[in-house]
Structure formats: C-alpha cells, structure tokens
Peer 1: 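The structure under discussion is supplied below as structure tokens; questions concerning it will follow.
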Amino acid sequence: MTSAPTKPTVSSSDRIHIVQRRTLAVLSATQIVGGVGVAVGLALSSVVVDELSGSTVISGFAGTATVLGAALLALPTAKAAGTGGRRAGLSVAYAAALAGCVISVLAISLRTWPLLLAGLVLVGGGSAGSLAARYSATDLAPQGRSARHLSLVVWASTVGSVAGPNLARPADEIGRRLGLVEKAGPFAFAALAFALAMVVIFVFLRPDPLKLARSLIDAPGTDRAPRGTIRTAWQTLRTTPIARRALVMIAVSHTAMVSVMSMTPVKLHHDGSNLDVIGLVISLHIAGMYVLSPVVGWLADKAGKVPVLVLGMALLLTAATLAGTSGHRVWQVTAALVLLGLGWSCGLVAGSALVTESVPLDRRPAVQGLSDVLMNVCGATGTIVAGAIVGVLGYGVLGLVVGVMVTLAGVWLTATWRASAP
C-alpha cells in the first residue's frame, strides 16, 4: 500500500522572495500612476499661476510650493510608515496629493492664485510618495541587492514622468467638455491618478513589506527603537557616520541637479532655442535620470555604494563643466543635462541604498524620511540660489559653483571613507 504523495511546502525564504516580487510589481505600478499625477499636474502649474497672478515672479513659486510640500509631507509619510507600515505611509502621501489637486481645481475655478499655491503644497505629497516608494522596495530585499531593487522602482518613474506632460492638453480638453474651467482639467486628471495610486497601494500592497520585515526579526521581549520620529533620526545619525555621509551625498546630488536643470530652459530660451528644442533637452535629461537606474543599482551592489557615489560626483562635475562652458552650443548643453541626470541617479540610488543598509530596520523610516526632507529643502534652496546666480553673474558661473560643490563633496566622501576603513 503506497502512501499519498505529500504536497510540496514553500520555505520561508521562498515566501519572502514571492512577496518581494509582488511588492516590487505593486510599487512600480504605483510609481507609474502616481508619476503621471505629479507630471500632468505640474506641467501647467507655473503657467496657471502666471495667468492668475499676472506676475512672472510669482509664477516661479509654483515649483517652489510643490518642492516645499514634498519636504513637509516627507515627515508625516515617514511617521505613518514607522507606526503603521509602508501602506499607511504611502496612503498619507497620496491622500495629501489628492486633496491638493481638488483644492487646485477649486482655486482655478475661483481664479485665486494664493489658494492654488496652497493646493500645490499638498500636491507635493505625490513626490513625497514617489520618494518613499523607493525605500519601500528595500524592506524585503535580499542582502546585497537593496540597490538593485530600489533602482527598479526608481526606473518605473520614467513612464509617468515622460507620459504625464503629454497628457496635460488632452486632460484640459476633456475637463472643459465636462464643465471645468480652462486648465483645471489636468489637475482633475491628476486627482484621479493619485486616487488610483491609493487604491493600488491599499488593496495590493499586502502583506505590508515593512511589517513583514519587522516580524522576521522581532522577538518577545526585544526592545525596539521608537518609530517614525525626528528625534530617532537624529539619534541614529549621530551614531552612524555612514548614514550621515549617504544623506549628504543625496542632498548634494539633488541640489546640483535641480540647480542646473531649473535654469537650463531659461538659458536656452535666451539663446534663441524654441520650445521644441527645450522640450527635447529636458526629455533627454529625464531619460538620464531614470532609464539607466537599474544599471546603477546593479553597479552599486557589485562595486559598492561609495564608489558609485564618487562616480556620481564625477559625472555631476563633468556635467557642470560642460554646461558652464557651453556658450551657444545646444549639443553641449544637451550632453551636460544627460550626464547631470545620470550623476543624480548614481547619488540617489547608491545613497538611498547606503542609508537603508546602515541603519537598523526599526529606525529606517525615520532616517529615510529625514533624508527626503533634507533632499527637498536643499533642492528648493538650490533653485532659488541658482536663479540669483544666473540673473546676476550668468549661467557659466552657475556651472562653476556647482562644479566646486560636487568636487568638495566627492573629496570629503573619499577622505572620510578611507579614514574610517580598517
């Protein structure tokens, strides 16, 4: 008499692998949908503020409001993740963005630009959610593969970033057919995108990757660090020099990128380039930021995070040099913007992976949230300072200033890393 065949069992490691694959798929889908919401809403934000206020100066606050919102909402997002898991954190970010889009539609209907700027601050939650999603990809990543898994979610941002601006005009036309005022349609469309992102996160991000990761290491009676607080983040950074270096590199990379990128359309416009040329240059820059991120992630895991961070500083230095000496050569500006995007990718992917790997699991949401706050604050500051430099001294001096900044950062990172090596 033969015994009945036993059913194959799934090991714990196999289950984690299956959950992680599902997590990456869900996060990537959310990045695409949420990225569309961010891009389509922001495509016309400065134009609408300009029309409502009648001031070009005030129109510049549209981008600042969104970046400021991303910085402010990074903390509530991190705190919600620390206490309730990644699903809670991402839901907070996208809910804020949804509310911001609704306020923006109302502001455009009432033709009040201060209310529109207030709405755009909340729309920054979309960017906060996009940044938080990359960290969510690392909770269950196998040892030595955090950068690769993180980079896959970053790469998914490409679709939304490229497709979003191209959907602004159709969204406006559909909105007017539905009775919305002109230019309110893109924000209504963005609201739908953020609502869909929330649904995808809430329904499909199960089990929660951060909760599952904690359950694998938690034991009865184990003391756990307080979750999701600024105090926790600062305490961790004071005792973790590797994390401090990674945060500095992320901030420097982002500051360098947004400073040069934000002023390049102005430089090209003053040189006589038309909107098609400017659009192509910025599109290639976005491609440099995202398309090769999986390669950057693979290289960071294989060669090490610090070497890739140093490579990123070298690429940013090359980009700043090319941009600052470009004169009226559009091809040189284009090459500079592509390298600028690639250098940013090295800084973001390798730096974020290094932050994740260098702090304990319970403290990660707090430190990751602080990282995104510093990143966005530095980015907003960079745009303001870059505008002042270009307005007074010219685009070439901006390239010089950025080049000096990334050189000092690269030298500091190399020196401190060698000093701490055994």
Side-chain angles (χ1 to χ4, degrees), residues 70-71 74 78 127-128 130-139 141 144-155 157 233-234 236-237 240-259 261 288-290 292-317 319 339-359 363-379 381-382 402 405-417 420:
S127 297
S130 177
L131 291 171
R134 80 189 193 279
Y135 283 126
S136 305
T138 64
D139 295 326
R145 295 201 173 190
S146 59
R148 270 173 279 191
H149 286 207
L150 183 149
S151 67
L152 291 175
V153 175
V154 173
W155 177 84
S157 304
W234 285 120
T236 305
L237 291 175
T240 316
I242 298 176
R244 290 201 303 269
R245 295 172 195 144
L247 259 65
V248 171
M249 291 300 106
I250 294 172
V252 169
S253 299
H254 194 63
T255 304
M257 187 275 289
V258 298
S259 298
M261 182 273 293
M289 291 172 64
Y290 295 117
L292 293 180
S293 56
V295 177
V296 173
W298 174 86
L299 186 62
D301 283 336
K302 288 293 184 181
K305 278 70 179 180
V306 172
V308 172
L309 285 172
V310 174
L311 172 62
M313 295 301 107
L315 290 169
L316 290 171
L317 172 60
L339 291 176
L340 187 74
L342 186 56
W344 174 87
S345 182
C346 289
L348 183 76
V349 172
S352 300
L354 190 57
V355 167
T356 298
E357 293 180 354
S358 59
V359 298
R363 296 176 180 265
R364 284 179 191 171
V367 177
Q368 291 164 348
L370 181 60
S371 170
D372 287 344
V373 170
L374 295 176
M375 174 180 171
N376 283 294
V377 168
C378 289
T381 304
V402 171
M405 178 182 68
V406 297
T407 298
L408 292 176
V411 171
W412 171 78
L413 175 64
T414 303
T416 55
W417 185 259
S420 63

Peer 1: Apply side chain to side chain contact (heavy atoms under 4.5 Å, CB included) to residues Thr356 and Arg134 and explain how you reach the verdict.
Peer 2: CA-CA 11 Å; Thr356 298; Arg134 80 189 193 279; over 6 Å; no
Peer 1: Measure up the His254 and Trp344 rings against each other and bin them: parallel (under 30°), tilted (30 to 60°), perpendicular (over 60°).
Peer 2: tilted
Peer 1: Considering residues at least two apart in sequence or located in another chain, which fulfil the salt bridge (charged side-chain N to carboxylate O under 4.0 Å, His left out) criterion with Asp301?
Peer 2: Arg148, Lys305
Peer 1: Go through Leu311 and Leu299 one step at a time and tell me if the side chain to side chain contact (heavy atoms under 4.5 Å, CB included) criterion holds.
Peer 2: CA-CA 11 Å; Leu311 172 62; Leu299 186 62; 4.1 Å; yes
Peer 1: Quick one: pull up CD in Gln368 and CG in Leu131 and give me the separation to the nearest 0.5 Å.
Peer 2: 11.0 Å
Peer 1: Quick one, Leu315 and Cys346 - any side-chain contact, counting heavy atoms below 4.5 Å?
Peer 2: yes
Peer 1: Would a distance-only check, ignoring hydrogens and angles, find a side-chain to backbone donor-acceptor pair under 3.5 Å from Arg245 to Leu413?
Peer 2: no
Peer 1: I'd like to check Ser151 versus Val296 (side-chain heavy atoms, cut-off strictly below 4.5 Å). Are they in contact?
Peer 2: no
Peer 1: Under the side chain to side chain contact (heavy atoms under 4.5 Å, CB included) criterion, do Leu348 and Met289 qualify, and how do the steps go?
Peer 2: CA-CA 10 Å; Leu348 183 76; Met289 291 172 64; over 6 Å; no
Peer 1: Distance check, rounded to the nearest 0.5 Å: Thr255 atom OG1 versus Asn376 atom CG?
Peer 2: 10.0 Å
Peer 1: Compare all side-chain heavy atoms of Val252 with those of Val406 and state whether any distance is below 4.5 angstrom.
Peer 2: yes
Peer 1: Within this structure, what is the CZ-OG distance for the pair Arg364 and Ser136, rounded to the nearest 0.5 Å?
Peer 2: 12.0 Å
Peer 1: Tell me every residue that passes side-chain hydrogen bond (donor to acceptor under 3.5 Å, both in side chains) with Ser371, counting only those two or more places apart in sequence or in another chain.
Peer 2: Tyr135
Peer 1: May I ask you to check whether over 12 heavy atoms, not counting those of Arg244, lie within 6.0 Å of atom CZ?
Peer 2: yes
Peer 1: What's the separation between atom CG in Asp139 and atom NE2 in His149, rounded to the nearest 0.5 Å?
Peer 2: 12.0 Å
Peer 1: Without swapping roles, check the side chain of Ser358 against the backbone of Val355 for a donor-acceptor pair under 3.5 Å.
Peer 2: yes
Peer 1: Suppose we screen for side chain to side chain contact (heavy atoms under 4.5 Å, CB included). Which residues come up paired with Leu374, at least two apart in sequence or across chains?
Peer 2: Leu247, Leu370
Peer 1: Less than 4.5 Å apart, any side-chain heavy atom of Val248 and any of Trp412?
Peer 2: yes
Peer 1: Taking the side chain as everything from C-beta on, heavy atoms only, tell me whether Val154 gets closer than 4.5 Å to Ser345.
Peer 2: no
Peer 1: Could you walk me through whether Val402 and Leu316 pass side chain to side chain contact (heavy atoms under 4.5 Å, CB included), step by step?
Peer 2: CA-CA 8 Å; Val402 171; Leu316 290 171; 5.8 Å; no
